[in-house]
Amino acid sequence: MSSHAAAGHIDHHHDATTTTGIPHKKLFMWAFLASDCMFFGSLIATHLIYRLHPPAGTPDPRDLFSIELTSGSTFILLMSSLLMALAVNSIQKGNVATTRKMLIGTIIFGLIFLGGQVYEFNHFVHVGGLTLNSSVFGSTFYTLTGTHGTHVAIGVLWLVLMYIRTFKPADESNGQGWILKGVFHFIAFTALTVLSMYTILALIHVLQEGHGWGYYFSHHYLSFGGSIILLGVLFAFARQSGPVDFGEAQAIDVESMGLYWHFVDIVWIVIFPVVYLLEYIVLA
Amino acid sequence: MDQSIPKNDFIGHEEHAPAAKRSFLFARPDHKTGIVSWLTTVDHKRIGFLYGITSLFFFLVGGAEALLIRTQLAFPNSTFLTAQTYNEMFTMHATTMIFLAVMPLSAAFFNYIMPLQIGARDVAFPRLNGFAYWVFLAGAIILNVGFIAKSGLPDVGWFGYAPMTAKAFSSEFVGDMSTDLWVMGLQVLGVSSIIGSLNFLVTIINMRAPGLTMMRLPVFTWMTLFTAFLIILSFPAITIALVEVMMDRNFGTHFFEVSGGGLPILWQHLFWVFGHPEVYILILPAMGVISEILPCFARKPLFGYPIVVFSGAVIGFLGFGVWSHHMFTTGMGTVATAAFALATMAIAVPTGVKIFNWIGTLWKGHLMMRTPMMFALGFVWMFMFGGFSGIMHSAAPADAQQQDSYFVVAHFHYVLIGGSIFALLAGIHYWFPLMFGRKVSEFWGKLSFWVIFAGFNITFFPMHFLGLNGMPRRTFTYDGNMGWNSGNLIATIGAFILGIGIAVYFVVMVYTYFKGQKVGRDPWDARTLEWSIPNPPPAHNFDVTPKVHARDAFWYEKNNKAEVEAEKAKQAADDEAHGGIHMPSNSWFPIITAAGFLIGALFFAGHNTFDHTMSDLLGKDIHGWGVMGAIIGGVIMFFGAWMWSVEGPGGYHLHPTKADGDDAASSH
Ligand code: HEM
Ligand SMILES: [Cu+2]
């Protein structure tokens, strides 16, 4: 599959062209993540300070939080890290096909987490009346978790682009066509994401209301059918003829992306107890 | 090497890419001269030059703003400026000087000199380097659009204390965006600084020439590394603070709004967690420059090299623990106040250690009193003075008197001008022959030094007394019978003398660039690697990657010629066997991505004003156009980044010939 498969064994832990043996991109990512730690540190500090000095009129978060839902999406996010690690592992062996599957898996799990967050925000706003400007609690809560969500979203976007990148043809004279195809691929991906999320939410809604599948298909055949068609389009894009410019040599790119993705998970492991669980311990 | 290939503008011969079967979008531009070559440049020296020119331009802008401030304060009850304009001027003056003059001028040296000092051919991420510059330019533009936009300039001080940045304090103009632009401009500059720093950090750690161990690094490179660390770890704090202000202003959150339960003091904490490390971001590069110049002109190695390096690290580390000395008078409680006072006093120790090392370097040296040396000695003396007044207000009770008075103004100008600016001006003099192959006239150089030195002290020395006599900072005028008249008049006269000195300095530099005396390689008989190459340096920096055997690597080379020559010949043969020198190609996408960034940020910060202005112009109500503009900017940025990631590594090969090496060497 990969044009680089013939390049022989690549040592992924040592780069002979750098003084320290650590690849540039990896060092860059580590330093960036150190910076991001300070970034989240400042946000978490802001949130904690306002929880220590809650101004009058601050709602009780326990009336809002659904700890089961958040625990569930936390679990999904952690599992996405596993898939990401497998993606890195397979590209290091030059196995592009498996890498693609793992990337798709990571994307889907990331999207589920984001979907959970969208649902949660929506719920808090409409049921709990908690908005960005209803209280300082709303301000800090949405800014902190929203920033984390933005990080996840950027990660998903990056994953999607990386996935499309795996189809770049080895023959560079074909580049123009591939770029255009890549753009369509991206658009199809985005459309499918939006539409399938809508389709699933609609299904949940219909089932919650007690209507049957018949009702669902008669009311939502457009979005359902559209999703299926887009899925087909995506498969069409994924059929590649000829060797691609993606393989072991690009493992470092996938690996740096993986570092980012794991970091975003780790930050959530801090945010989850600090923002959600602490409410039940300290204030109980 | 095939002799039929013609010579190009570079030293050596360039291998032509095999008749390209590359599609247009994947073909990276290969212009060597002309405007396109500058817009698409990835050469660290060119980028350094761009940083330098831009920051010097803003240095002049900031200076003009300072002269307006001083003119207003020359006499009591003056009406030269309105209170509003005065506030705008001191805000823009400080913001410009810190973020658009001193920091980028340091970055110019990081870019130009640091890779040469470590024997590298470029930085680790050449395209990202270009991007950092263009984003910096975008931030500079955003900060300064107030000069032409209807909303005017920001008037919140460079520290932007809450709640002055709140919507309620904005001017009565409907879509006031001056503060939004300030917030956005700083945000964009922060992005540029962080990206640049990550790049420098990786470059220093990963791209050192063989044999250049960390404890052999030139001190300037060390200080670049510490500065990069400080930027990477302190800028996120202000990024968050600015995000929170932005949300307060645009989305009605309550982070700093007292009426909604917000705590303005939180702004001060977040700001100074960044702000205090920031002052070391401004001074560490300067200390690095000085640590190069003093040994060179004292004809001695730097005294106590490891101590100079470690004290830099200690300063950087402690710098994160002293932020609240800017908040002594906010009533933090005795324990916190005492702790921060102690930590602040502790920081004076490594600072003092450095000064002793510099003095130790001078001790019994054969001092060559050239212009760079004059500026460097001026630095040591003035910076020490600023340090003393710093220690004075690290004592909380004393600070209670000095806070927000002209005493503080005197302190930080002694460290910022007497320190940072003097060192950077010294650095320009010092490295000018390397960059342009010409040397500044000693007479005019020294003249500008003395005028600047005199003007600076006449301006800021009296401010200590004004401060002790109770004159507050940030007031646009004062009453005639407070006893502050003569001090202010002297300071204003001094400011103009300083301005004249700077003008002379600039004229001399421009003259030298075109007409100055030409010099050969290594005119100062210097000690570090950057001087081992021809001036101006070729694009590939080193014909042969140098091998380092000692601190002051070039000094060692000069004293062990035979050994080094043999090594070079061997290394050159090795290089040739591996296809010569690999150089990165230019790229359009850094500037395209940055342009998207500029458009997006500008429209986002000014979307209200834009809609209002368009409504006025079109005579009907317009909504959402500003936001549309922001989205378009975002799309351009996304497109640029995506193309960047797929355009591929590019690059070309160079083969410096024996003849080139000889003719370069013979220029000495
Ligand atoms: C010996 C080392 C130093 C000590 C002990 C020291 C101490 C202090 C203290 C306690 C203050 C707060 C004064 C007040 O607001 O009441 C202060 C303000 C300031 N210092 Fe320093 N300082 C030192 C070095 C520096 C350096 C190296 C720089 C910059 C290159 C610097 C720049 C500033 C600035 C800009 C302010 C005023 C900030 C503002 O309010 O806008 N200081 N210093
Ligand atoms: Cu400070």
Side-chain angles (χ1 to χ4, degrees), chain A residues 15 17-29 31-32 34-43 45-46 49-50 53-58 131-140 142-143 147 157-158 161-162 164-165 168 171-179 182-183 186 245 253, chain B residues 20-27 118 124-125 128 194-195 197-199 201-210 212-213 228-229 231-241 243-244 247-248 251-255 257 260-263 266 269-270 273-274 638-639 641-643 645-648:
Chain A
D15 180 343
T17 62
T18 68
T19 314
T20 53
I22 305 166
H24 290 334
K25 285 178 181 168
K26 201 187 241 179
L27 197 57
F28 183 94
M29 191 43 86
F32 169 74
S35 184
D36 230 21
C37 277
M38 297 298 286
F39 194 78
F40 277 104
S42 305
L43 276 171
T46 302
I49 285 167
Y50 285 123
H53 307 275
T58 301
T131 63
L132 261 178
N133 40 26
S134 63
S135 71
V136 179
F137 177 75
S139 303
T140 64
Y142 285 119
T143 309
T147 304
L157 187 69
W158 188 0
L161 293 180
M162 180 68 78
I164 298 173
R165 167 83 175 72
K168 184 181 174 187
D171 174 11
E172 289 198 326
S173 60
N174 187 13
Q176 221 99 306
W178 177 75
I179 296 269
V183 171
F186 179 72
D245 176 21
D253 294 4
Chain B
K21 270 233 291 79
R22 316 191 96 216
S23 74
F24 159 70
L25 280 170
F26 284 156
I118 64 172
F125 301 96
L128 207 59
I194 292 184
I195 292 178
S197 301
L198 293 170
N199 208 345
L201 183 137
V202 176
T203 305
I204 296 173
I205 295 186
N206 257 357
M207 296 180 71
R208 283 166 286 135
L212 185 54
T213 60
F229 264 113
I231 289 178
I232 288 168
L233 296 178
S234 72
F235 266 73
I238 192 167
T239 303
I240 290 304
V243 164
E244 292 175 353
M247 306 241 324
D248 272 4
F251 306 112
T253 53
H254 306 291
F255 287 106
E257 296 263 8
L263 306 168
L266 178 66
H269 280 292
L270 288 175
V273 161
F274 146 80
F638 179 75
F639 167 77
W642 164 232
M643 286 307 298
S645 74
V646 295
E647 97 179 320

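Throughout, protein chains are lettered first and strands after them, A, B, ... in sequence-line order, and every chain is numbered starting at 1.
Contacts between A:L161 and chain B at a heavy-atom distance below 4.5 Å involve backbone atoms as well as side-chain atoms. Using a 4.5 Å cut-off between heavy atoms, B:S234 does not touch chain A at all. With a 4.5 angstrom heavy-atom cutoff, B:E244 touches chain A only via side-chain atoms. Only the side chain of B:M247 comes within less than 4.5 Å of a heavy atom in chain A; its backbone stays farther off. For B:L263, the parts sitting under 4.5 Å from any heavy atom of chain A are the backbone and the side chain alike. When heavy atoms are compared at a cutoff of 4.5 Å, A:P54 does not approach chain B at all. Proximity to chain B involves both the backbone and the side chain of A:T140, based on heavy atoms less than 4.5 angstrom apart.
The six-membered or imidazole ring of A:F186 lies near that of B:F638, with a centre-to-centre distance under 6.0 Å.
Contact count versus chain B (heavy atoms, under 4.5 Å) is highest, among A:I49, A:T46, A:I22, for A:T46. By number of non-hydrogen pairs under 4.5 angstrom with chain B, the leading residue of A:F40, A:F32, A:Y50 is A:Y50. Note on A:P55, A:A45, A:S35, A:G57: by heavy-atom pairs under 4.5 Å with chain B, the leading option is A:S35.
Note: A:S42 OG to B:L266 CG = 9.5 Å, rounded to the nearest 0.5 Å. Rounded to the nearest 0.5 Å, atoms CD1 (B:I205) and NE2 (A:H24) are 11.5 Å apart. Note: A:T143 OG1 to B:F251 CZ = 10.0 Å, rounded to the nearest 0.5 Å. Separating the CD1 atom in B:I240 from the OG1 atom in A:T147 is a distance of 6.0 Å, to the nearest 0.5 Å. One distance of note links CG of B:L198 with CG of A:L27; it measures 9.5 Å at 0.5 Å rounding. In this structure, the separation between CZ on B:R208 and OG1 on A:T18 is 9.5 Å, given to the nearest 0.5 Å.
Contact check for A:M38 versus B:I232: no side-chain heavy atoms found under the 4.5 Å cut-off. In this structure, the side chains of A:L43 and B:V243 stay at 4.5 Å or more apart for every pair of heavy atoms. Put simply, the side chain of A:W178 reaches to within 4.5 Å of the side chain of B:V646, judged on heavy atoms.
Every residue two or more places apart in sequence or in another chain that forms a ring-ring contact (aromatic ring centres under 6.0 Å, His included) with A:F28 is listed here: B:F125.
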Audit row: B:M643, A:I179, side-chain contact (heavy atoms from CB on, under 4.5 Å) steps and yes/no: CA-CA 8 Å; B:M643 286 307 298; A:I179 296 269; 3.7 Å; yes
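The neighbour count for A:F137 CZ, taken as heavy atoms of other residues, nucleotides or ligands under 6.0 Å away, is above 12.
In terms of modelled atom types and a separation under 3.5 Å, the side chain of A:S139 and the main chain of B:H254 share a donor-acceptor contact.
Residues A:A31 and B:L201 approach most closely at CB-CD2, 3.9 Å, considering heavy atoms.
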